[in-house]
Structure formats: structure tokens, C-alpha cells
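To start, the structure itself, in C-alpha cells.
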Amino acid sequence: LSSAKAPKYTYAKLDSLKAGSVVNVYGVVVFFKQPFKSRGTDFCSSLKITDHSNEKIGCTIFCEKLEDHPKIFRNGDIVLFNKSITLVNTFGFSVVTFDGVKGAPVEPRTSSRSFHFDPDDQRTVEELRSWAASQALFASVTSTVPLSAVQPKAYFDLTCQLLAKAPVDTTCTLLRVWDGTRCPHTLLKVIVEPHVTEGQLSFSKERENLIADVLVYDNHVEVARKLKPGVFLRIYNLRAIAGSSTVPGLTRSQLQVDHLAFHLHGGTSYGRGIGILPDNSPDVQELKRYVFNDEHFSSVGWCLCSERSCGHDMQKVTLSEVKRSGLGRVHHVRAQLKAYEPHRLHEALKLYCSKCKSMQDVPDDELLESIFSEASKDCGPCSPPPWVLSGQVSLPRHAPGPSNRALTVYLLTQLMFEGSTLEEMCQLMASYQNIIPVRASGGHLSLFDLSAPFLFRGRKRYYGFTFFFHQESFFGVSAEDASANQEAQNSICQIMDSLCPPGGNVASWSEKLRMCALNLHVFFKKGQ
DNA sequence: TTAGGGTTTG
């Protein structure tokens, strides 16, 4: 970020550019293409920007590394260029992009390690946002549409998660995606060989109804090749077409007449392309609310394994053969489950502190009981902070423990109880929606340490630690071939990693956990 | 060097 010595850039208005000059500019993006491979050594980004002068200027950016290209996700984003020569980049080029939505945080998206950004720039971004909001800049371009609102024959941008992919032929790849919404039209299903599929092979009927099969062609095949299942994407200028006669590969054509197919045509015209959305982007956060909501997870996620069918005409193989054959294939094995750990699924979860990197078991009720009992012995006089209301509440008559026991209660936006035991806490849950357990410590109110829940809400308990799926803890399956055990473990771990690429931030662990849980389930099914 | 929006295959 800017230091005291940072140079003060001046930015040229777009209607004042002189041919051959080197300038810094900023502008609102009115058109863009995802970076594509040029015939030379670099990737090429193409965009058009405008500013208060209303002049629209095309920009061409050549950079070898994808991460150095402007991170543009939608029209309206605001870019700020340094050292561009008549808007073709040159040595010393850098770019910072901002969300163009009025009121959104002004968070720079850049690959530069150091960049200059001061209150003037912040003001510029905010002025551009207000100005752009008052203009009809993007009336004619495609927009992001959820699957639930897709119109046949229309071109649109789709924000989605990749679940699986498979090559169809040399010029076409199938991407199986979803956004958690249900398309009102029947979706065409492209049939591909299971052994070429990367990602999950089959899904429950419920989830299958939410999955769109997207066929991407030509130059997009290369981009698709690098995508990992689990990644969040925006596919630009996708086309929905009804009818199956035009779909390559194997389709159940007889049965799928007039079903909706999705095509990403070759070329980069109209900004056609595939963009990877970072996990922290607001669009991904929004999508996750659909994709990972509990209802889907319980009704769609967990049942997928039980619905997975096994063709018994497949030849049975030993686990050592599975071990040799690598990932992504379907096998038919019969193995005996000799032992497994942990015996209860929740023991595969650990509490993980991202700061100190410590990991510990999720406490069972017995342990929690002792933590709370210990704290309840020590509830001496305590001066609450002035901003909480305090009082006393009597326990229900049938509550355990000494009769006529009253607990001190503090009222915030939640209820905070001091000195209750775990059992009492559970009793109180019947009457109160949210409870934060607190204890007296040195005459002051304090929270428990992170090994106890900081919030009880209904039957849920919230921990300050992140739940972490402890991969090492759950294997122990033995079978015909002892060495296959280790390999099976590695395979499952690799599947997990492919679902959630390494380097994900802490927030992504909850997804990872869910994904892992699914795989764990599949694994035990296989074991049986 | 490369591309230089655009008139959309399957």
C-alpha cells in the first residue's frame, strides 16, 4: 500500500488522450473479454472503458501471467491503469480493479504487491460508481441469470459451481454445473463414459434436476482442462438451446427432444469465455447460500451415495488392482470391513484454530459438563459492563441440581447466562433462543475459552474454532490387500483435494467438511 | 509479437 514516499499519480480523462503518450487512466468497464491465449507468448485481455467524459476507449493488455490481467468479473467494474501507452500496456503496466456496485466495499483487486491507493483514488472510485449508476451503460449486454430464469435461445452469463467435467471429443468438453436453482425447463443430459469423468460420477435424482450440462467448444476446451471440480465459475455469453439433434457425443436423443442444452460457442466474441471467481467474491458468497444451504445438503447431498447404482455386470477387482488403476475410474469390489475409526462420525471433526494452528477434539457432553460445572462453582460477585442489563432467572422446577437455584442473567441482543451447568443450559434452551455462556473472572464477565461453545442456539452449538475434517483420523479399513488400505486413503484424500483445491481460506473449510463427509460416506459404503 | 469487441456452428 502507499507509503509516505509513494508517487502521486495523475489520471488522464479519456477524452484527452494523445496518440503516442504514456498515461494513467481509470474508467468503468463497459465490455470485457476474459484473458485468452494470443498467437504470441502472452494471454490477451480486451476491454472497453468509459468515464465522466463519456468517451469509450478500448484497451488491450498482453501479459504472460493470467494473474497480472485485470480481474474483471462484470461490466460496471472499475479499473485503474498505470503507465499504459495509448491503452496498450507497456513496461511498468499495472492495473487495479474494483467492484462497480455503489456502496460495495472499495477493495482493490490486483496482483501487484505494492500499489498506490490514497483517499483521492477512493473518492474517484466512488464518484465513478455514482456516475455509472446514473448512466445507461450496459443496456445491450448479457447479464447474469440463474438457471431458474433461463430463457431458451437466450445468451446469458451463468454464475455456478463446477461439479464434474468430461471431454466429449477433441473440440468439446462437458462441464456439469449448478447454481442451486432449478431450471423450469427440462435439462438435456449428455452421456459420457464414466472413466473420462473428473469429479463426481453420479448424483441423486434430486440434485441431477439442478445440474446443467454445459458444452464448451474449441478455445474454451483448453481453459476447461485446467478447471477443478468444486471451483466457482462465471461462464460468459452462454447459450441455452432447446433440442438435442445438435448435441455431440452420446445423448439419449430419442428421449430428450426439446430438452434444454447449454453451449459456449468457440471464439471470444461477445466476451465469450470462462472466468474463475475467487472464493471471497460477493457473487460466490451469494451462490453458496443456495448451493450449500442445509436443505440441499440433507436432502440432496447425503442420499446421493445410496442412490448410486452399481452395474453388476462389471468385473470384480481386488483392492490392489484399484490401487494400480489411478483416480477417476469406476470399480466393482467386494471387501470386508475389518475395523474403522472413528466409530462415530463426529470424532472425525476437530476444532481447528487458524491462528495458532492447534487442533483439538470436539468435546463430548461429558467434557462440556465438567467445563461448565467448574465454571459454575466460581460465580462470585461480578460487575457487568454498563451496556448490559442484568437480573436473575429461576430454573424450572423439574430442573436438575439444587432446588430453587437462580441464575444470573445478562441481557444483550442475546441472553448471557452466568454460572449455569451444561444440563441447566439445555433446560433453558426450551425458553430462550440464543444463549451465550459466560463466567465470572476476576470480578468481570468473560467468555469461556474456545474449547466450549460460545453460543447455544436451539440444538446447535457454535464454536470459535473452525471445524476441521481430520483426514488421518478416519481410516483403518482393512481388506484383502493390506497395502490397498493406504492407497484407498490416499485416493480419497486426492478426491477431497480435487473437490476443494489446496490453498482455500478458512471460510472454505466448512464446504470442505461437507464434501469430505460425502466422500467418507461413499467410502464406508464401498467398504461394506 | 500477440489483437485491434461485434454480425454467435456444434
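Letters A, B, ... are given to chains in the order of the sequence lines, protein chains preceding strands, and every chain is numbered from 1. Just so you know, these numbers come straight off a predicted model, no measurement behind them.
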Distance check needed: [N] [atom2] versus [X] [atom1], whole Å only.
{"X": "A:Asn219", "N": "B:dT9", "atom1": "CG", "atom2": "P", "value": "12 Å"}
{"X": "A:Tyr155", "N": "B:dG6", "atom1": "OH", "atom2": "P", "value": "14 Å"}
{"X": "A:Leu238", "N": "B:dG10", "atom1": "CG", "atom2": "C1'", "value": "14 Å"}
{"X": "A:Phe43", "N": "B:dG4", "atom1": "CZ", "atom2": "C1'", "value": "19 Å"}
{"X": "A:His265", "N": "B:dG5", "atom1": "NE2", "atom2": "P", "value": "21 Å"}
{"X": "A:Ile72", "N": "B:dG5", "atom1": "CD1", "atom2": "C1'", "value": "13 Å"}
{"X": "A:Lys37", "N": "B:dT1", "atom1": "NZ", "atom2": "C1'", "value": "12 Å"}
{"X": "A:His263", "N": "B:dT8", "atom1": "NE2", "atom2": "P", "value": "16 Å"}

I want to confirm an ordering. Mapping A:Gly271 and A:Leu264 to their closest nucleotides on DNA chain B, which one lands closer to the 5' end?
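Residue closer to the 5' terminus by nearest nucleotide: A:Gly271.
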Please state whether the phosphate of [N], meaning OP1 or OP2, lies under 4.0 angstrom from any side-chain nitrogen or oxygen of [X].
{"X": "A:Lys33", "N": "B:dA3", "value": "no"}
{"X": "A:Ser269", "N": "B:dG6", "value": "yes"}
{"X": "A:Lys48", "N": "B:dG6", "value": "no"}

Taking only the side-chain heavy atoms of [X] (C-beta and beyond), determine which of [options] contains the nearest atom.
{"X": "A:Ser46", "options": "B:dT2, B:dT9, B:dG5", "answer": "B:dG5"}
{"X": "A:Thr171", "options": "B:dG10, B:dA3, B:dT1", "answer": "B:dG10"}
{"X": "A:Asn237", "options": "B:dA3, B:dT9, B:dT8", "answer": "B:dT8"}

Listed partners of A:Phe98 passing ring pair (Phe, Tyr, Trp, His ring centres under 6.0 Å), at least two apart
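By the ring pair (Phe, Tyr, Trp, His ring centres under 6.0 Å) rule, A:Phe98 matches A:Phe117.
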Residues that A:Phe32 engages under ring pair (Phe, Tyr, Trp, His ring centres under 6.0 Å), provided they are two or more places apart:
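With sequence neighbours excluded, A:Phe32 shows a ring pair (Phe, Tyr, Trp, His ring centres under 6.0 Å) to A:Tyr236, given in chain and number order.
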Begin with the C-alpha distance, continue with both residues' side-chain angles, and end with the deciding distance and a verdict on side chain to side chain contact (heavy atoms under 4.5 Å, CB included) for A:Arg225 and A:Val221.
CA-CA 6 Å; A:Arg225 206 171 55 81; A:Val221 168; 5.7 Å; no
Over all strands shown, is A:Gly266 touching base, sugar-phosphate only, or nothing at heavy-atom distances under 4.0 angstrom?
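Contact class for A:Gly266: base.
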Using the rule for Phe, Tyr, His and the six-membered ring of Trp, do A:Phe62 and B:dT1 stack at under 5.5 Å and under 30°?
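Check failed, A:Phe62 does not stack on base of B:dT1.
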Planes under 30° and centres closer than 5.5 Å, is that true for A:Tyr217 with the base of B:dG10?
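Taking the rule of under 5.5 Å and under 30°, the ring of A:Tyr217 does stack on B:dG10.
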Check A:Ala240 against A:Gln151 and note the closest heavy-atom contact, atom names and distance.
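Closest approach of A:Ala240 to A:Gln151, heavy atoms only: CB-O, 3.9 Å.
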Are any side-chain N or O atoms of A:Arg109 and backbone N or O atoms of A:Lys71, one a donor and one an acceptor, separated by less than 3.5 Å?
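Flag set: sc A:Arg109 to bb A:Lys71 pair under 3.5 Å.
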Quick one: does A:Arg272 reach the base of B:dT8 with a side-chain donor-acceptor pair under 3.5 Å?
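Yes, a donor-acceptor pair under 3.5 Å.
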